[in-house]
Amino acid sequence: MSGAHEPAGAVSGAHEPAGAARAVVAVVGPTATGKSDLGLELALRLGGEVVNADAMQLYRGMDVGTAKLRPHERRGVPHHQLDVLDVGEDASVAAYQRHARTDLADLAARGARAVVVGGSGLYLRALLDHMEFQPVDEQVRAELEREAAERGPGLLHDELARLDPVAAARIDRANTRRVVRALEVVRITGRPYSASLPEHVYEVPAVQIGLDCARPVLDERIERRVARMWDEGLVAEVAVLAGRMGRTARRAVGYAEVLRMLDGELDEDAARAAVTVGTRRLARRQMGWFGRDPRVHWLDAADPDLVDRALELVAAADAGRLAEPTYVRRTLGS
RNA sequence: GGCCAGAUAGCUCAGUUGGUAGAGCGUUCGACUGAAAAUCGAAAGGUCCGCGGUUCGAACCCGCGUCUGGCCA
């Protein structure tokens with residue numbers, strides 16, 4: 001964590017040493033809004049490199065369905081945290097946090113600007129904000145999952161209420177996934193879990209640029225994106241990976257539905273419709289996640305001068321004259 | 001033309017001796033600390049095809065009409 005930006009007034013000749021206190025640039029927002037392209041362009045203009053913050057683009061081989069920029073499309077800009085996981089592995093935010101922060105440190109040391117690009121809210125927060133994850137114990141977790149399956153999630157929630165009332169109050173009874181994790185932490189650390197997310201405290205100073213898009217337009221883009229994925233061979237891609245996909249990868253939008261199709265559960269039209277619906281739902285949730293963060297500076301994804309606007313924001317941030325809580329509530333939903 | 005089966009939320013459909021309606025999905029809003037493109041919560045939304053009739057009371061029973069699907073001509 002480096003210090004705050006210098007009050008910029010004084011600097012005219014005084015170049016700061018490479019890598020000092022230049023905020024990381026983060027391009028966030030819902031899927032299908034052009035994050036990858038903008039990120040690439042910014043990296044090019046700023047002499048930077050891209051750090052992926054998209055949980056599913058971590059996976060090797062999941063290219064078409066995650067709309068991953070292919071190597072030949074990257075215009076020579078190095079990309080980090082792409083293709084670092086086998087589809088059989090579970091992703092892990094904590095591991096991501098470690099690795100991506102190492103990337104950030106490396107880039108800073110080389111004086112290269114980091115451009116973080118991604119739509120996974122939790123991953124972005126883990127990378128940029130102050131967040132510490134508790135340890136994990138697969139065996140304890142498996143045990144808890146079995147209990148949940150056998151005795152129902154309600155009883156586990158009761159247990160959590162006894163051991164950690166604060167966490168229990170925050171986690172919904174039916175949310176097995178989170179109840180299990182909370183109990184897992186309590187069991188292995190002997191301390192309460194009681195986690196909550198609302199603080200927005202940068203561990204890594206950043207300018208977050210959000211891509212905003214009116215819903216009708218976004219829905220149309222999503223429709224087109226799904227059509228393109230089909231044309232580019234999503235079904236074949238999934239077929240190749242199908243046997244090896246672990247529980248994280250196989251739940252990704254586009255993959256889950258095609259897997260059901262390959263199992264004969266859905267016909268092709270139904271699968272494709274389900275992918276569209278799923279992508280739309282994903283986009284809505286992403287809007288919620290980022291729209292709530294008061295630090296995001298929103299730009300219209302359709303703005304012809306998008307890149308220049310984004311560069312202005314970066315320049316303002318570098319100069320220390322970016323109004324801190326520029327909370328421009330997204331216009332989504334018009 | 002005749003016979004049969006349907007018509008209930010944006011969509012697919014439940015609705016059990018007649019007591020003015022529900023689910024799943026979608027939509028909107030929300031939560032989120034090692035699976036997060038996950039997991040979960042809440043809300044909005046209905047002239048029960050139309051018109052008559054029977055009844056204290058009809059989504060439900062009866063008649064007519066309209067539309068849809070199927071079968072027979």
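Order of the sequence lines sets the chain letters (A, B, ...), proteins ahead of strands, with each chain counted from 1.
- For the pair A:E41 and A:R45, the salt-bridge criterion is met [side-chain N within less than 4.0 Å of a carboxylate O].
- Within the 4.0 angstrom heavy-atom criterion, no nucleotide atom of any strand lies near A:G278.
- Mapping A:Q57 and A:D172 onto RNA chain B by nearest heavy atom places A:Q57 closer to the 5' end of the strand.
- Using a 4.0 Å heavy-atom cutoff across all strands shown, A:E138 reaches no nucleic acid atom at all.
- Counting non-hydrogen atoms under 4.0 angstrom, A:V277 reaches the backbone sugars and phosphates but no base.
- Atom CD of A:E132 and atom P of B:G34 are 13 Å apart (whole Å).
- Put simply, the side chain of A:W230 reaches to within 4.5 Å of the side chain of A:V275, judged on heavy atoms.
- Between B:A37 and B:C71, the distance separating the two C1' atoms is 48 Å to the nearest Å.
- Residue-level contact check: A:R250 touches neither bases nor backbone, having no heavy atom under 4.0 Å from any strand.
- Using a 4.0 Å heavy-atom distance criterion, A:T279 is classed as making no nucleic acid contact.
- In terms of position on RNA chain B, the residue among A:R173 and A:R247 whose nearest nucleotide sits closer to the 5' end is A:R247.
- Taking 4.5 Å as the limit, every side-chain heavy atom of A:D54 sits out of range of all side-chain heavy atoms of A:T66.
- With both ends at atom C1', the span from B:A58 to B:G52 equals 13 Å, rounded to whole Å.
- Figure legend: cation-pi geometry between A:R295 and A:Y202, with NZ or CZ positioned under 6.0 Å from the six-membered ring centre and within 45° of its axis.
- Contact check, A:R215 against B:U27: no side-chain N or O comes under 4.0 Å of OP1 or OP2.
- Distance noted for atom P between B:U12 and B:G69: 14 Å (whole Å).
- Nucleic acid contact for A:R284: sugar-phosphate only, since backbone atoms but no base atoms lie under 4.0 Å from a heavy atom of the residue.
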